[in-house]
Amino acid sequence: MGKKEGFFLNRLRAHVRVQPPTTTSHHSCSQEPPNASAETKGRRIIVVVDSCSESKNALLWTLSHCAQPQDSILLLHFLKAKPSQSGALATGGEETLDKHTASKAYQKVSTLRNICELKRPEVKTEMVVVQGEEKGPTIVKEARERGASLLVLGQKKQHATWRLLMIWASQTRPLTKTDTVEYCINNAPCMAIAVRKRGKKVGGYTLTTKRHKDFWLLA
C-alpha cells in the first residue's frame, strides 16, 4: 500500500471507523480488527439511492467495503416536491407523500433493498422516501436528523473540463441544487463519500470526500 493510499484510508478510519466485513478482500477501508465499542453500538450508514446504476454501484461498495454486522443501512430516496406541496414540507418528509407516489418510489428502489438482504442478510436494512424542494439540502437534513455516521452517494463520470468548471463555480457562488454530490460532501454532518465505479479495464472505485478528490481504490 502506497503512502498516499495509506494516508487516505487512515483518514477514513479516523472519521467513521470504516471497516470491512470479515468475508471481504484486503482491498477495503480498513484492515484493523473491529472495535469492541463500535461493534456493540453500530453505525447508521445512509446510502442515497434511485433507479440509476451509479447509486447501485455506491450501495455495492458500501456492502463490500464498509458495512459491519452491527451497522444499519438506510436507503434514502429523494422525490422532488411539487409547488403545491412546498408549504407542507417544513413539517416533515415522507408523511406528506400520497400513497400512490410513495408506492411508486418504493418500487423503484426495492430491488436495491433485495440486494442488501441477499449479500449482507446480517445487516439491518431500511428504506425511506423523502420529499423536498432541493435534493442536496434535503439529504443533508435527513442525515443530521437520523444521526448518520456515514453518507454515501453515487457519482457519475465527469470530464476534466466539467470538474474544473464546477470547482470554479463553487468558489464564486453557493452550491445549488444542481450540485447535489458536492453540496452533500461539503455540508453533511458526518463524513460523506461519493463513489464512482471505474471501467472494467481499470477496475476498482473512485472515491471523493471533502478532503480527497477522485481517489482510486482497487476493489
Side-chain angles (χ1 to χ4, degrees), residues 8 12 16 18 20 24 27-29 43-67 71-80 105-120 123 125-132 134-143 146 148-160 162-163 166 170 175-188 190-200 202-219:
F8 176 70
L12 284 179
V16 295
V18 180
T24 58
H27 300 296
S28 52
C29 288
R43 300 163 299 159
R44 166 155 287 192
I45 303 173
I46 293 182
V47 183
V48 180
V49 298
D50 52 35
S51 56
C52 297
S53 61
E54 289 80 14
S55 67
K56 179 180 178 180
N57 292 334
L59 177 59
L60 291 174
W61 177 84
T62 303
L63 293 172
S64 62
H65 290 73
C66 293
D71 296 334
S72 63
I73 294 178
L74 178 68
L75 305 180
L76 179 66
H77 181 62
F78 171 83
L79 287 178
K80 176 73 174 179
Y106 276 106
Q107 288 177 8
K108 286 184 179 180
V109 293
S110 61
T111 302
L112 298 179
R113 182 171 186 174
N114 293 338
I115 290 175
C116 293
E117 294 174 346
L118 178 64
K119 289 185 174 293
R120 301 297 304 278
V123 177
T125 304
E126 302 173 89
M127 188 165 61
V128 65
V129 177
V130 296
Q131 199 169 30
E134 296 187 12
K135 188 173 183 179
T138 302
I139 292 172
V140 169
K141 176 177 177 289
E142 290 294 323
R146 295 178 183 273
S149 301
L150 178 65
L151 177 64
V152 183
L153 306 98
Q155 188 173 41
K156 295 182 179 180
K157 182 178 180 180
Q158 297 176 340
H159 295 291
W162 175 254
R163 289 199 299 267
M166 293 301 295
S170 65
L175 291 171
T176 65
K177 60 185 178 182
T178 58
D179 314 310
T180 300
V181 173
E182 288 290 335
Y183 182 92
C184 292
I185 287 175
N186 286 286
N187 294 276
C190 57
M191 174 176 257
I193 303 179
V195 180
R196 176 169 62 84
K197 187 175 182 179
R198 297 178 68 92
K200 294 182 179 179
V202 180
Y205 294 87
T206 295
L207 309 180
T208 295
T209 68
K210 194 171 185 178
R211 295 179 178 271
H212 299 84
K213 303 293 183 181
D214 295 331
F215 180 87
W216 181 27
L217 181 68
L218 285 172

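The figures that follow rest on heavy atoms only: side chains count, while hydrogens, waters and symmetry mates do not.
- Here the closest non-hydrogen pair linking Arg43 and Ala67 is NH2-CA, 4.4 Å.
- In this structure, the side chains of Glu134 and Lys141 stay at 4.5 Å or more apart for every pair of heavy atoms.
- One finds the CZ atom of Phe78 at 8.0 Å from the OG1 atom of Thr180 (value rounded to the nearest 0.5 Å).
- Between Ile45 and Asp71 there is a side-chain heavy-atom pair separated by less than 4.5 Å.
- In this structure the side chain of His212 never reaches within 4.5 angstrom of the side chain of Leu207, judged on heavy atoms.
- Summarising the geometry, atom OG belonging to Ser72 is positioned 4.5 Å from atom CZ belonging to Arg44; distances are rounded to the nearest 0.5 Å.
- Between Asp50 and Lys108, every side-chain heavy-atom pair lies at or beyond the 4.5 Å cut-off.
- To the nearest 0.5 angstrom, Asn186 atom CG is 9.5 Å from Cys184 atom SG.
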Applying side chain to side chain contact (heavy atoms under 4.5 Å, CB included) to Leu63 and Cys116, what does each step give before you reach the verdict? CA-CA 7 Å; Leu63 293 172; Cys116 293; 4.1 Å; yes

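- Within the 4.5 Å cutoff, the side chain of Leu60 has no heavy atoms near those of the Lys197 side chain.
- Closest approach of Thr138 to Gly132, counting heavy atoms only: OG1-CA, 3.6 Å.
- Using a distance-only test at 3.5 Å, with no hydrogens or angles considered, no donor-acceptor pair links the side chain of Arg113 to the main chain of Leu75.
- Atom CG in Asn114 sits 10.0 Å away from atom OG1 in Thr125 (nearest 0.5 Å).
- Test Val152, Leu153, Thr208 against Val195 for side chain to side chain contact (heavy atoms under 4.5 Å, CB included) and you get one pass: Val152.
- To the nearest 0.5 Å, atom CD1 of residue Ile185 and atom NZ of residue Lys210 are 10.0 Å apart.
- Listed here is the closest heavy atom pair of Glu54 and Gln155: CG-O, 3.7 Å.
- Taking both residues in full, the closest heavy atoms of Val140 and Tyr183 are given as CG2-CE2, 3.7 Å, listed atom of the first, atom of the second, then distance.
- Minimum interatomic distance between Val49 and Val109 (heavy atoms only, all atoms of both residues): CG2-CG1, 3.6 Å.
- Of all the heavy atoms in Glu142 and Leu76, the pair that sits closest is CB-CD2, 4.1 Å.
- Between Val129 and Tyr106, some side-chain heavy-atom pair lies under the 4.5 Å cut-off.
- Between Glu126 and the options Ile46, Leu74, Ile73, a side chain to side chain contact (heavy atoms under 4.5 Å, CB included) holds for only Leu74.
- Between His77 and Leu79, the closest side-chain pair of non-hydrogen atoms falls below 4.5 Å.
- The side-chain heavy atoms of Arg196 and Asn57, taken from C-beta on, include no pair separated by under 4.5 Å.
- Atom CG of Leu59 is separated from atom CZ of Arg120 by 11.0 Å, given to the nearest 0.5 angstrom.
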